[in-house]
Amino acid sequence: MAGSASEKTGGATPAGHASSHLTTTAATTKPKGSEELEKADSQVVPAKRSLDSDPYRHLSDEEAKVIKDQVYTPDVKVGIATLYRYASRNDLLIMAVAAMSAIASGAALPLMTVIFGNLQGTFQGYFQQEISYDDFTGELGHLVLYFVYLAIGEFVTAYIATVGFIYTGEHVSAKIREHYLESCMKQNIGFFDKLGAGEVTTRITADTNLIQEGISEKVGLTLAAVATFVAAFVIGFVSYWKLTLILLSTVVALMLCMGGGSRFIVKYSKQNIGAYAEGGSVAEEVISSVRNAVAFGTQDRLARQYDTHLTRAEFFGFRVKGAIGMMIGCMMAILYLNYGLAFWMGSRFLVDGAVPLSKILTVMMSVMIGAFNLGNVAPNIQAFTTALGAAAKIYSTIDRLSPIDPSSDAGAKLEHVKGTIRLENIKHIYPSRPEVVVMEDVTLTVPAGKTTALVGASGSGKSTIVGLVERFYSPIEGTVYLDDVDISTLNLRWLRQQISLVSQEPTLFSTTIYQNIRHGLIGTQWEHESPEKQEERIYEAAKKANAHDFVTVLPEGYQTHVGERGFLLSGGQKQRIAIARAIVSDPKILLLDEATSALDTKSEGVVQAALEVAAEGRTTITIAHRLSTIKDAQNIVVMSQGRIVEQGTHDELLEKRGAYYNLVTAQAIAAVNEMSAEEAEALDQEAKKVLIRKASAQNKQSDTGAGTGYADDPDDDIAAKLQKSTTTKSVSSLALAGRNKDGPVKYSLWTLIKLIASFNRQEWKLMIVALIFAIICGGGNPVQAVFFAKLINALSVPINPATIPGIQSETSFWCLMYLMLAIVMFIAYSTQGIIFAKCSERLVHRVRDMAFRSMLRQDVEFFDLDANSAGALTSFLSTEATHVAGLSGATLGTLLSVFTTLVSACTLGLAMGWKLALVCIATMPIVIGCGFFRFWMLAHYQRRGKKAYAGSASYASEAITAIRTVASLTREDDVLQQYKESLAAQQRASLRSVLKSSLLYAASQSLMFLAFALGFWYGGTLIAKLEYNMFQFFVVFSSVIFGAQSAGSVFSFAPDMGKAAEASRELKTLFDRKPVIDTWSAEGDKVEAIDGSIEFRDVHFRYPTRPEQPVLRGLNLSVSPGQYIALVGASGCGKSTTIALLERFYNPLAGGIFVDGKEISSLNVNEYRSFIALVSQEPTLYQGTIKDNILLGAPTDVTDDQIKFACKEANIYDFILSLPEGFNTVVGSKGALLSGGQKQRIAIARALVRDPKILLLDEATSALDSESEHVVQAALDKAAKGRTTIAVAHRLSTIQKADIIYVFDQGRIVEQGTHSHLMQKNGRYAELVNLQSLEKHR
């Protein structure tokens, strides 16, 4: 590891490679003089180089070209035509029809106003005895029928438009998805290294959804809204142009109101998002390094830091929501002012005899409808532009030509393959890390039909050879030959079909075991054989791979589904299936990339046997960690730092007594001490007994401590059947037996509302004021109805000189009343909007703060779960918390005002004329439903679009994440085929659902007209019988019908209550989750002081997320106060786990950990942790100054002298002073402005500031290059004086001075002693030392 680590960070310090000879001499020489150490690693790291500086500067033009080709992506300009690039002729036809329908459906709305005006004219004529009774009823029936026709027309056109646009939107975006995945499958691996598979999958999930949203029903809505606007003004100008021109001012006012409002909204919401983004990144930093926060007990201080950002976000958020409230108030005021203006000006024209009242009504209402529809255009246009933006990203990948394209048919195919591979003068650089040369001048021949083994430290270039042979990458210089033909001239797909690859982490696809093995046949002559023949081959391959037996034992045999990425199988089982997949096609060349390194001893032997069978008679390149596995290889190649050091057979290399000899002797001796499979078995049996006792003890307590501890393995029963031996199964299940899993608790809506209300408890007085104003808002509509009817009444008097003064005075009075109403409504809406904005922002702030604190309260186990990754929790904080506002006061206000509107409208109607009121009230549910369903359906379309493609998206992302496996199996076409099928199935399903749901939407658009028709028809008959006069009719009609209409549309302002309930359910679950190791509890004995003696007694442990994997199996370990002990061993042997258990991140399953003779679980966890300091592998610094970061270590207040002392101890004081701002220098996010060594020393200073009794060092220097390592190591040696220190080390040179070195193997200690003692013993430790000396071997 050391080699690769220093190689990777080699560029970080200006000294570069020059200093790396230190590593070799470190073991023997004394450390450099301390004054030199002070100076080392003190250069200030320049801010990250700006992106435009060329990372390829140090390469020749040819080399740079090879690399650039592998990562270059074209920029694509996307216009509307490009967006619809994949639309078929049918799509374009359907869109044309849908567009016509949308325009027609939009134009239908203002036509209603003409009928309305004419009806009023008919009524007026009847009252003035200009029309007879029969003519009146005839005319009435005629006009009412028009309403019915409009309703039918609107229904049909709205339906066609919605279905048409949604269908084409889906179709086009599915085509884009297909082409995108197809293009991804063609790309070379370097492209994915550069972008990251995450980015690629986001594009296929999120960005394609954005495109689909932009080109589906939104297009139809926009067209309809524009059509409404145009039609309305055409009707207005035709009816009476002067009045329409005057009323155009309404449109201007509305535009100003919305434009001005949205300017504020955009400005503040940018700042709000910005402030929250900073808070979010604080949260993300803290959660991603939660162990650090827990270890130092800084949860509270970090939460306060997060809170300062929340306060800023609240400030801007209040401004945003307040602006929205003002804007709605403004719109309401304009609405009423428009009525007033229309009647006032209209009355003048009427008196002059220029225009009848019916025309005035038509103009007034059509202008209203037109103006308000213009407001619908903006948000939809925004969706369209977002779609264009997203498309640019996607098309840039689709149009990218891959330099190494597996789908092309170019290139030769050899008739007969022998299988000799030759590398000549290869130099290689990975495109994603252009500054590191991975291989330099390598020449190697792999003879046909023989096994060639590669050994060497990690980072020495072994796996690179595999990548070059598979042609995942093109080498910068040199050539790879297959049977003396340059592989870059061969057909890529054909080449990959000759080669099978088994890698370290086998990737299985989420389908059955049978299908997984069958993937190996793709592209070979057996791909299209009869199923029987295929089955025979597959069984044969499984037998060879030692997999047949365990597969047939499974309940479903070969048809067992392996789950995503094969997580239902153990490592060894997955690996054997991968081997079967590799050999099923009888390849000429087999590449084994550390195929057994990730396995435990038990499975390793089995897999190794399978590999040996598989390799017979093929050209095999095998990369191995354990040398015993490759001693039979015909040629063994030892690599170091990208070059070949020596090669030959096992015996030849032993005679040379070089690097290989040292490795072998060390490993051979160690093997004696290694656990055999039988021993491990016996150990597990032992563990089982311990755990049974433990479990039964726990079961007694479980009634009290229910819901704590391990999450039960959901696949336990499968796990049971898949385990190789019954014992392992029973151990893990017993360990988990006493720990019952808490299922999701069901909360009632009332509980959730109470929870949310509790966050706004302090604002209850404000809330009451706001609710009163909400009631006033609701009363606006019925009052308006009275004014409206009064005015119509006043204006329908026959006009003659005698009546004119009366008409004018009465209209003036009622128009001024409209003015008053407008002012009142403006005040009421604005006030309630602002108050609710204040309350809901407070609510969101408090919820976020509380949620963040609750997260930090959880134990480390909580953060190990996949569902609680840093990303998931941060997005929970940002999104769920805002959804909660949907159940807050604003929603209550909306409901109150709707309720008021309806009650007052009905009361008024019934008081004025009960017969007509009852008929109109009967239509109320329909009218309200229309308003509500219209918005609900639009929201539903959006949700549905996202949900429908989740399945295929996860399939695509599985394929993209495993792109290397897909490429080496040449599964590209197969993947695409399946993806297309799943898309087609989804399109069929969603077409069905759209055909149904659009009926509801179309109905909600058209039923309105039918309600009007009924009201007018019945009202007209009552008027005909002279039961009602015109005033009564208009009061009743407009209060009830328009009241219901406005009540329905108010729902559009209401936030989503469904989301809110969901979010508050999740929050409640989080708040109620009580961790096992609870930092909020005051329980446990007080800890006054600690000497620092530590003892582990027979500790067993498994990680809660991987209960089948034993980590510690009976660990015994003791440390006296002030001792410096070191833990060493291979990775995964339980060293870091020991540190985690000491910090009490987890509780052991069995056994105990004692500090000063007290078991640590009996102590108060916060006090206990305050005596411990942890320095981990990746130093975590938070945004803020250097001083802030150091202070985070101190449990209490510390003086500046103490800080100074800690910094001096940590060798960082002089460096800090050399910075222009000294201690107040701001550290970037995650400390990005400092070098690794500087960050690590600040982390050490932070650990020393708390003056700990126990210092834990978890690979504190492993990520550094050799120069910084020296400086940091010196700092650590200083720090360890006089304290109990436990160090986990990868580089053994760093811990030679330790008092005792413990050597771990598979979760227990196999050797212990001082460095010299262990070297004499020549066992496991000596082997590790020799291994590392090879890494430094030049």
Side-chain angles (χ1 to χ4, degrees), residues 289-303 705 708-709 853 856-863 1074-1099 1101 1104 1112 1115 1117-1125 1127 1136-1176 1180 1191-1198 1243 1246-1258 1279-1280 1282-1288:
S289 58
V290 70
R291 287 157 184 263
N292 213 337
V294 170
F296 282 102
T298 49
Q299 295 100 321
D300 188 50
R301 268 175 288 176
L302 293 168
T708 55
R853 284 170 188 269
L856 291 186
R857 168 197 188 181
Q858 303 307 329
D859 43 18
V860 178
E861 188 182 307
F862 172 80
F863 297 94
K1074 198 168 170 299
V1076 189
I1077 303 170
D1078 187 359
T1079 48
W1080 289 6
S1081 81
E1083 287 166 22
D1085 304 340
K1086 292 269 175 284
V1087 188
E1088 299 302 329
I1090 278 187
D1091 290 337
S1093 67
I1094 300 170
E1095 189 186 355
F1096 278 69
R1097 289 188 203 157
D1098 194 25
V1099 173
F1101 181 71
L1112 297 181
L1115 176 68
L1117 173 92
S1118 59
V1119 188
S1120 333
Q1123 248 184 351
Y1124 181 15
I1125 69 154
L1127 314 177
S1136 297
T1137 308
T1138 311
I1139 298 260
L1141 288 174
L1142 252 184
E1143 267 285 3
R1144 209 163 162 230
F1145 290 157
Y1146 307 95
N1147 287 332
L1149 277 183
I1153 302 169
F1154 296 85
V1155 170
D1156 291 354
K1158 300 193 186 84
E1159 186 171 6
I1160 59 173
S1161 55
S1162 67
L1163 306 174
N1164 177 295
V1165 63
N1166 290 333
E1167 293 195 7
Y1168 166 66
R1169 281 183 187 150
S1170 68
F1171 290 96
I1172 303 182
L1174 169 69
V1175 180
S1176 54
T1180 326
L1191 280 176
L1192 278 175
T1196 51
D1197 293 336
V1198 290
R1246 174 173 63 195
L1248 294 182
V1249 145
R1250 52 191 311 156
D1251 189 24
K1253 278 284 172 279
I1254 301 175
L1255 182 61
L1256 306 176
L1257 307 174
D1258 190 356
R1283 299 192 165 89
T1284 307
T1285 308
I1286 299 185
V1288 169

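Just so it is clear, the values below take in all heavy atoms, side chains as well, and ignore hydrogens, waters and symmetry mates.
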Handout entry: Lys/Arg N to Asp/Glu carboxylate O, E1088 vs K1086, below 4.0 Å
Key = no
Exercise for the section: Please determine if R1144 forms a cation-pi arrangement with Y1168, meaning its NZ or CZ atom is less than 6.0 Å from the six-membered ring centre and no more than 45° off the ring axis. Expected result: no
Problem - E861 side chain reached by N1147 side chain, heavy atoms, under 4.5 Å - result: no
Handout entry: Closest non-hydrogen atom pair, P1148 against V1099
Key = CB-CG1, 3.6 Å
Handout entry: Side chain proximity check, L1141 to L1112, heavy atoms < 4.5 angstrom
Key = yes
Practice task
Compare all side-chain heavy atoms of K1074 with those of R857 and state whether any distance is below 4.5 angstrom.
Solution key: yes
Problem - pair R1169-F1145: side-chain heavy atoms closer than 4.5 Å - result: yes
Problem - Validation row: R1246, L1192 side chains within 4.5 angstrom (heavy atoms) - result: yes
Practice task
Determine the sole option in V1155, I1094, V1165 for which the side chain to side chain contact (heavy atoms under 4.5 Å, CB included) test with I1160 is passed.
Solution key: V1155
Problem - Minimum side-chain heavy-atom gap F1096-L1142 below 4.5 Å - result: yes
Problem - Sub-4.5 Å side-chain heavy-atom contact between I1172 and L1256 - result: yes
Handout entry: Close side-chain approach of V1175 to D1258, heavy-atom, < 4.5 Å
Key = no
